Amino acid sequence: MTTLFIGLIKTCYMFLSRTITFDTSAIGKKIVMDDEKEFTIFRRVRIKGNESPQAYFLVRFKPKKMKPEQNVVFSLLPMMVFMGFTG
């Protein structure tokens, strides 16, 4: 069973054990989705020991009344939980 709390605890453990790294080589690159919308990568996380991931978690949303710079900071909050989930 995975809960938000457990996900956060696992993420904290991965940070402390240096399992999580931020891949800065991808920042600024453009990707085009299946629906032809283009996005710019502003953060890429890698989890050591999972060099060949079976899936990628791509999030695309734009909160109303939030500038892109604010979104970069805001997105750290949900990311802290999702990284601790299995899969």
Side-chain angles (χ1 to χ4, degrees):
M1 179 174 144
T2 302
T3 65
L4 296 177
F5 180 71
I6 292 172
L8 183 61
I9 295 297
K10 286 182 178 180
T11 298
C12 290
Y13 173 78
M14 288 190 296
F15 268 115
L16 291 172
S17 65
R18 299 178 191 248
T19 304
I20 296 172
T21 59
F22 290 92
D23 179 5
T24 57
S25 67
I27 295 174
K29 291 184 179 179
K30 307 276 186 190
I31 58 172
V32 179
M33 304 303 284
D34 290 339
D35 61 3
E36 303 298 319
K37 290 186 180 181
E38 183 178 278
F39 295 89
T40 303
I41 297 172
F42 64 82
R43 183 182 305 116
R44 183 175 181 187
V45 175
R46 289 187 178 265
I47 300 175
K48 291 180 185 175
N50 195 13
E51 280 72 27
S52 298
Q54 296 175 354
Y56 291 93
F57 184 62
L58 302 172
V59 180
R60 64 179 201 177
F61 63 92
K62 183 176 187 311
K64 290 183 178 184
K65 300 180 183 178
M66 188 178 289
K67 296 177 184 176
E69 298 82 17
Q70 294 170 313
N71 188 15
V72 170
V73 175
F74 170 77
S75 66
L76 283 168
L77 295 173
M79 185 184 89
M80 293 300 292
V81 174
F82 289 127
M83 286 190 297
F85 288 168
T86 304

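Values in this document were obtained by computation on a predicted structure and should not be read as measured data. FYI, the numbering just counts along the sequence from 1.
- Remark: Ser17 pairs with Tyr13, Thr19 by the side chain to side chain contact (heavy atoms under 4.5 Å, CB included) rule, at least two apart or across chains.
- The side chain to side chain contact (heavy atoms under 4.5 Å, CB included) check on Val32 picks up Glu36, Glu38, with sequence neighbours excluded.
- Taken from CZ in Phe42 to CD in Glu69, the straight-line distance is 11.0 Å, to the nearest 0.5 Å.
- Side-chain contact between Met83 and Phe15 is present, with heavy atoms from C-beta onward closer than 4.5 Å.
- Within 6.0 Å of CZ in Phe22 there are more than 12 heavy atoms belonging to other residues, nucleotides or ligands.
- For Arg44 (side chain) and Ile27 (main-chain N/O), no donor-acceptor pair under 3.5 Å exists by modelled atom type.
- A 4.5 Å side-chain heavy-atom check between Ile31 and Ile41 finds at least one atom pair inside the cut-off.
- Among all heavy-atom pairs drawn from Met80 and Thr11, the shortest one is O-OG1, 2.5 Å.
- Hydrophobic clustering of Ile, Leu, Val, Met, Phe, Trp and Tyr side chains at less than 4.5 Å, counting indirect connections, unites Met14 with Leu76.
- The CD atom of Gln70 sits 6.0 Å away from atom CE of Met66, with the distance rounded to the nearest 0.5 Å.
- When side chains are defined from C-beta on, Ile20 does not count as touching Arg46, because their heavy atoms never get closer than 4.5 Å.
- Each of Ile9 and Met79 belongs to its own hydrophobic cluster when Ile, Leu, Val, Met, Phe, Trp and Tyr are linked at side-chain heavy-atom distances under 4.5 angstrom.
- Although no hydrogens or angles enter the test, the distance criterion places no donor-acceptor pair under 3.5 Å between the side chain of Thr40 and the main chain of Lys30.
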